[in-house]
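Here is the structure we will look at.
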Number of protein chains: 2
Amino acid sequence: MDLREQLRAAKLKVTSGRLSVLRELGRAKGPMSHAEVAERLEGESLDKVTVWRILVALTEVGLVDRSNGGDGTWRFELRSGSLGHDPHPHFTCLVCKTVTCLPHDSVRIPPRIVRGVVDVQITGRCEKCG
Amino acid sequence: MDLREQLRAAKLKVTSGRLSVLRELGRAKGPMSHAEVAERLEGESLDKVTVWRILVALTEVGLVDRSNGGDGTWRFELRSGSLGHDPHPHFTCLVCKTVTCLPHDSVRIPPRIVRGVVDVQITGRCEKCG
DNA sequence: GGTGTGCATGCAATTGGATTGCGTTGTTTC
DNA sequence: GAAACAACGCAATCCAATTGCATGCACACC
Ligand SMILES: [Mn+2]
Ligand SMILES: [Mn+2]
Ligand SMILES: [Zn+2]
Ligand SMILES: [Zn+2]
């Protein structure tokens with residue numbers, strides 16, 4: 001299923017802006033902040049606010065995952081589909097600000113304690129900044 | 001060790017503002033946002049910005065833990081000492097915004113993957129909001 | 001118990017990410 | 001093609017977090 005079909009399946013209109021954002025997220029190896037996405041799309045005469053609204057809209061229909069790193073900014077990444085990943089934990093280094101995707105089963109949470117987990121976010125220092 | 005001694009041991013001057021903030025955090029059952037702390041201290045003619053700087057100062061010397069809930073605001077709670085707790089994971093319900101402290105060992109992270117963990121933050125839906 | 005030094009505070013102003021309002025543009029449906 | 005309505009551009013706003021600076025207070029030293 002290509003990007004246009006995914007948008008149509010989500011009942012979102014197919015626009016050049018949405019396709020650009022989806023393509024950009026597809027290239028990323030980890031979650032991107034709104035600022036990062038907007039910066040890479042500077043050449044496309046796409047307003048920053050529009051990029052934000054696109055990211056929110058894609059999140060609401062489930063095409064994108066939004067997570068909150070320890071630094072207080074939202075980060076977005078493609079979900080499911082050919083290019084995307086399924087939800088998984090993230091690790092943010094407080095020193096170098098690097099965000100790392102962790103394997104889905106790298107964090108174990110006893111189901112008795114928490115139900116309906118949406119996001120797992122770990123902060124600390126990476127090996128380089130140890 | 002009472003609050004004054006803890007401040008002195010941390011090489012911070014003992015002020016009425018810092019004592020108030022520490023006392024307020026001691027009463028809390030979970031991490032409090034800056035806004036919550038400031039609101040409860042309204043009667044004490046203590047400036048909001050000062051409350052913020054106190055929270056940051058206490059965090060820097062290790063008397064307080066600062067964590068970032070899934071909603072993008074910082075939350076603070078007493079660390080160690082008689083009234084405080086040791087660092088532990090937190091669960092934030094995205095619907096009712098409730099923050100729950102989890103037992104220290106409720107989340108297991110294989111040490112090979114991540115070093116120097118500072119904070120573990122889980123977001124989702126609590127049992128009530130299931 | 002006074003006094004000086006430097007940290008702490010109050011207040012005003014600023015930052016920066018997130019959010020909204022509204023008129024215009026563009027996509028989809030018929 | 002035209003009508004209906006979602007998406008967009010642009011300006012403005014919100015609010016937690018942050019900073020600057022003049023004043024006030026804690027505490028070490030006398
Ligand atoms: Mn990821
Ligand atoms: Mn806690
Ligand atoms: Zn690092
Ligand atoms: Zn809830």
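Chain A is the first sequence line, chain B the second, and so forth, proteins listed ahead of strands; every chain is numbered from 1.
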Separation between CZ (B:R40) and CG (B:L25), nearest 0.5 Å, reads 10.0 Å
Residue pair B:S16/B:A35 against DNA chain D: nearer the 5' end by closest nucleotide is B:A35
| said: Once hydrogens and angles are ignored, does a donor-acceptor distance under 3.5 Å link the base of C:dG17 to the side chain of A:R75? | reply: no
Atom CG of B:L55 and atom P of C:dA8 are separated, to the nearest Å, by 14 Å
Judged by nearest nucleotide, the residue sitting upstream toward the 5' end of DNA chain C, B:V49 or B:K11, is B:K11
Is the closest side-chain donor-acceptor distance between A:S67 and A:Q121 under 3.5 Å? no
Taken to the nearest 0.5 Å, the spacing of B:E77 CD from B:T59 OG1 works out to 10.5 Å
To the nearest angstrom, the NZ-P distance between A:K13 and C:dT25 comes to 15 Å
Using OP1 and OP2 only, check whether a side-chain N or O of B:W74 sits under 4.0 Å from D:dA16. no
Rounded to whole Å, CD1 of B:I54 lies from P of D:dT18 at a distance of 16 Å
What is the nucleic acid contact for B:S45, judged by heavy atoms within less than 4.0 Å: base, sugar-phosphate only, or nothing? sugar-phosphate
| request: Report yes if at least one side-chain N or O of B:T73 is closer than 4.0 Å to OP1 or OP2 of D:dA16; otherwise report no. | output: no
B:R18 side chain near C:dA8 phosphate (N/O to OP1/OP2, under 4.0 Å)
yes
So what does B:V14 hit on the nucleic acid, given a heavy-atom distance under 4.0 Å: a base, only sugar-phosphate, or nothing?
-> sugar-phosphate
To the nearest angstrom, the CG-C1' distance between B:L58 and C:dT9 comes to 14 Å
B:L22 CG to C:dA8 P, in whole Å, measures 13 Å
Worksheet item: Between A:E24 and A:R27, is there a salt bridge with N-O shorter than 4.0 Å?
Response: yes
request  = Please determine if a side-chain N or O atom of A:T15 lies less than 4.0 Å away from the OP1 or OP2 oxygen of D:dC8.
outcome  = yes
In whole angstroms, the gap separating C1' of D:dA16 from CZ of B:R53 amounts to 15 Å
note: B:D47, atom CG; C:dG10, atom P; distance rounded to Å ~ 6 Å
Min side-chain heavy-atom separation A:C126-A:F91 under 4.5 Å
yes
B:L46 atom CG is separated from C:dA8 atom C1', nearest whole Å, by 11 Å
